[in-house]
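Here, residue 1 is the first one in the sequence, and each next residue gets the next number. Any value given below was found using the heavy atoms of this structure, including those in side chains, with hydrogens, waters and symmetry copies removed.
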Amino acid sequence: QVHLVESGGGWVQAGGSLRLSCAASGGTFSPLAVAWFRQAPGKEREFVAATIWSGRSTNYADSVKGRFTICRDNAKNTAYLQMNSLEPNDTAVYYCAAGPILTTKSQYTYWGQGTQITVSS
């Protein structure tokens with residue numbers, strides 16, 4: 001099994017930047033795809049970004065293209081989400097997920113507990 005823990009959440013002013021981390025442990029997980037999802041108050045959980053651990057493929061939601069960047073450091077078993085030019089609409093709980101197949105749907109095997117991002121206007 002794989003255990004995921006997000007960190008790096010908090011408060012940030014609109015236009016600012018924040019970096020989220022997703023630390024993985026517990027088994028053989030380096031080949032797994034890693035994704036970020038978010039859920040804002042009153043809204044459904046939505047896809048943000050994803051990448052394949054052992055490849056160069058990445059995928060982004062249209063709402064974050066050009067602002068967010070997903071990457072990983074397999075030696076540290078950690079994935080990251082660099083968030084720039086943050087907007088109030090980015091306010092949400094952000095979740096890290098992992099699974100054998102990259103998808104924009106919530107069909108991932110492992111999930112973290114989430115970390116709160118609050119962007120002030």
Could you pull out every donor-acceptor pair under 3.5 Å between side chains of residues 94-104 and any protein atom, sequence neighbours left out?
unit_1: Tyr94; atom_1: OH; unit_2: Arg38; atom_2: NH1; d: 2.9
unit_1: Tyr94; atom_1: OH; unit_2: Asp90; atom_2: O; d: 2.7
unit_1: Thr103; atom_1: OG1; unit_2: Lys105; atom_2: N; d: 3.1

Check your understanding: Going only through I, L, V, M, F, W and Y residues with side-chain contacts under 4.5 Å, is there a path from Leu20 to Phe37?
Key -> no
Check your understanding: Would you say the side-chain atoms of Arg72 and Thr78 include a donor-acceptor pair closer than 3.5 Å?
Key -> no
Review point. Ser21 and Trp36: which non-hydrogen atoms are nearest, and at how many Å?
Key: O-CH2, 3.7 Å
Practice item. Step by step, work out the side chain to side chain contact (heavy atoms under 4.5 Å, CB included) result for Ile70 and Tyr80. Key: CA-CA 6 Å; Ile70 186 171; Tyr80 304 93; over 6 Å; no
Revision key, fill the gap. Shortest non-hydrogen pair, Tyr60 vs Phe47, comes out as C-CE2, 3.9 Å
Review point. What about Tyr110 and Val48, same hydrophobic cluster or not, with Ile/Leu/Val/Met/Phe/Trp/Tyr joined at side-chain heavy-atom distances under 4.5 Å?
Key: no
Check your understanding: Would Arg45 count as a cation-pi partner of Trp111, with NZ or CZ less than 6.0 Å from the six-membered ring centre and within 45° of the ring normal?
Key -> yes
Point to revise | Val93 with Leu18, same ILVMFWY side-chain cluster at under 4.5 Å | key: no
Exercise for review: Can you sort out the partners of Lys43 under salt bridge (Lys or Arg N to Asp or Glu O under 4.0 Å), two or more places apart, ordered by chain and number?
Suggested key: none
Atom pairs and distances, donor-acceptor, side-chain atoms in residues 112-121, under 3.5 Å, two or more places apart:
unit_1: Thr115; atom_1: OG1; unit_2: Gly9; atom_2: N; d: 3.2
unit_1: Gln116; atom_1: NE2; unit_2: Ala92; atom_2: O; d: 3.4
unit_1: Ser120; atom_1: OG; unit_2: Trp11; atom_2: NE1; d: 3.3

Review point. Just by distance, do the side chain of Thr51 and the backbone of Ser57 share a donor-acceptor pair under 3.5 Å?
Key: yes
Practice item. Quick one: pull up CD in Glu44 and CD in Glu46 and give me the separation to the nearest 0.5 Å. Key: 9.5 Å
Check your understanding: Do Asn84 and Ser17 get their side chains close enough for a donor-acceptor pair, meaning under 3.5 Å?
Key -> yes
